[in-house]
Amino acid sequence: MRTKPDTLLNLADAMAEDILNTPDDEILREVEEDFGDPRALANKFDQILERAEKQVSAPARSVASPQVRSSLLDLPISLRGETIRWVEGIFDFGGRLSEFLSSLRPRTLAWSATAAAVVVLVQAAVITAVLMREQGASSDLAASVAPRTELIPDVAALVAGGRQLIVAGDIPNARLVLEQAAIAGNATAALELGATYDPTILQEQAKTDMADLRMARLWYEKARELGSIEAAVRLERLRSLPGG
Amino acid sequence: MSEPPPLSRAEIHNAIKFLTAAEKTKIVKIAARYAKITPYEAEDLYQEALLRTMEGRRKWPKGLAATAFFLGVMRSIAWEWKRKDDPLNKDIQDEDVGERPLLDRNHAMTIIKAFDDDPIAKEILLAMAEGARGEELLKLSGLSPTDYESKRKKIRRRIEKLEAETK
């Protein structure tokens, strides 16, 4: 009988097997009982599927884009644990950086370009972590810093990475990265994201084919809601355009 | 006997596109089970499974049901994440040594302890945690097959509700 020593995995296996063998109508009844809607979990699945499809189908452009995209989209997960560990007191940039890079999921380091993009993001996270660490050094570190570590370094890293991709001319991936930070409530990210659709800004980069007034307005409005004054100015500027 | 050929990208796309609500629900619920052995959420797990499948990095053998296929994929990703992200992982050379198995065992025992008021369910859970399956569990429970199935379902539902309450 004693097949595997991992108790949690054994329990998960048994429960998963049970779910697999439960009749379809019964499983939907369970969801209805728990959430008041039999499609509640299926709808959640659809949302995640849509996100996954976006990631898979995002146009491959410039620096080995699929890998860069994958790496960047992995970062919120990968960085979270990492930054927490940094803030908890282990701070050796070189060592941590190489450890972090070597610990990324296999697809993440498929190309050197990917590694370069990751380094940029990690650097941003490191800077944020250092600042936070120093702020908290004189007081109770856990109490003063811990609540903030969940979001700030990740979002800062995403914004920095998004900017870097814009500079590199990789607008599609920049959008993917900035969107994550904007959704997390970062006004700068929403503003930068709006700019990637803004015809007046794209004109300067000779990329007007990527402009989308509706999307620019949408993200600028989001940035304005999040407190960006610049977003209000840009919205006004959009209104003056034909079709704006 | 040779393995069945894998689905093509287009076939995978269609298989995912035409998943029923019940199949999607099962995948989400199964993800919630396996996410428990990782530091991540169920959404992360099934998103990663979908990505790897759609990118063609996981071969989907023809004829294998979607739920069974995704169970296998998510289980292996969960195990991979657990091994990679565990700070104690470096000390674990074998699955049954090191501190992490002890932590997991404690977590499992917390779940099992919640069944103190139901000795049969507790007995079944303890055996499950040790890796017992099928006939062995049925015999051990001393219940009829019908009662055993009903008990198993009650155990799973109770665990799901306990976890929802403590979330």
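Computed from a prediction, not measured in an experiment: that's the story for all the values here.
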**Study point:** Non-hydrogen atoms of Glu160(B) and Ile19(A) that approach each other most closely
**Key:** OE2-CD1, 4.4 Å

Review point. Is the shortest distance from a Lys or Arg side-chain nitrogen in Glu53(A) or Lys17(B) to a carboxylate oxygen in the other one below 4.0 Å?
Key: no

Point to revise | Toward chain A, the part of Ile159(B) with a non-hydrogen atom under 4.5 Å | key: side chain

Practice item. Could you check if a side-chain atom of Asp34(A) sits within less than 4.5 angstrom of a side-chain atom of Arg157(B), using non-hydrogen atoms only? Key: yes

Practice item. Assess whether side chain to side chain contact (heavy atoms under 4.5 Å, CB included) is satisfied between Glu17(A) and Leu71(B), documenting all intermediate values. Key: CA-CA 9 Å; Glu17(A) 189 185 300; Leu71(B) 185 153; 5.9 Å; no

Exercise for review: Provide the closest heavy-atom pair for Ala52(A) versus Leu50(B) in the form atom of the first, atom of the second, distance.
Suggested key: CB-CB, 4.2 Å

Exercise for review: With the side chain counted from C-beta on, respond yes when Arg156(B) and Thr22(A) share a heavy-atom pair under 4.5 Å apart, and no when they do not.
Suggested key: yes

Review point. How close do Val56(A) and Leu51(B) get, heavy atom to heavy atom, and via which atoms?
Key: CG2-CD2, 3.4 Å

Exercise for review: Enter the distance from Lys36(B):NZ to Leu9(A):CG here, rounded to the nearest 0.5 Å.
Suggested key: 14.5 Å

Review point. Relative to chain A, which segment of Lys161(B) carries a heavy atom at a distance below 4.5 Å: side chain, backbone, both, or neither?
Key: side chain

Exercise for review: Measure the CE-OG1 distance between Met128(B) and Thr7(A) for me, rounded to the nearest 0.5 Å.
Suggested key: 14.0 Å

Revision key, fill the gap. Looking only at Asn21(A), Ile48(A), Asp25(A), Asn43(A), the option with the highest number of non-hydrogen pairs under 4.5 Å against chain B is Ile48(A)

Review point. Where does Asp46(A) contact chain B at under 4.5 Å (heavy atoms): side chain, backbone, both or neither?
Key: side chain

Point to revise | Heavy atoms from other residues, nucleotides or ligands near CD of Glu26(A) exceed 12 (cutoff 6.0 Å) | key: yes

Practice item. Residue by residue, scan residues 20-33 of chain B and write down, ordered by number, those that have a heavy-atom distance under 4.5 Å to chain A; if none do, write 'none'. Key: Ala21(B), Ala22(B), Lys24(B), Thr25(B), Lys26(B), Ile27(B), Val28(B), Lys29(B), Ile30(B), Arg33(B)

Practice item. Using a strict 4.0 Å threshold on nitrogen-to-oxygen distance, state whether Glu43(B) and Arg51(A) make a salt bridge. Key: no

Practice item. Take Met54(B) and Leu49(A) through the test side chain to side chain contact (heavy atoms under 4.5 Å, CB included) and record every step on the way to the result. Key: CA-CA 10 Å; Met54(B) 291 190 291; Leu49(A) 173 61; 4.3 Å; yes

Practice item. Check whether any side-chain heavy atom of Lys153(B) sits under 4.5 Å from a side-chain heavy atom of Glu30(A), and report yes or no. Key: yes

Check your understanding: For the side chain of Arg152(B) and the backbone of Ala14(A), is there at least one donor-acceptor N/O pair under 3.5 Å apart?
Key -> yes

Point to revise | Glu33(A) portion near chain B, given a 4.5 angstrom heavy-atom threshold | key: side chain

Review point. Where does Leu28(A) contact chain B at under 4.5 Å (heavy atoms): side chain, backbone, both or neither?
Key: side chain

Study note, to complete from the structure: Residues passing the side chain to side chain contact (heavy atoms under 4.5 Å, CB included) test with Pro61(B), sequence neighbours excluded, are Pro4(B), Leu64(B), Phe69(B)

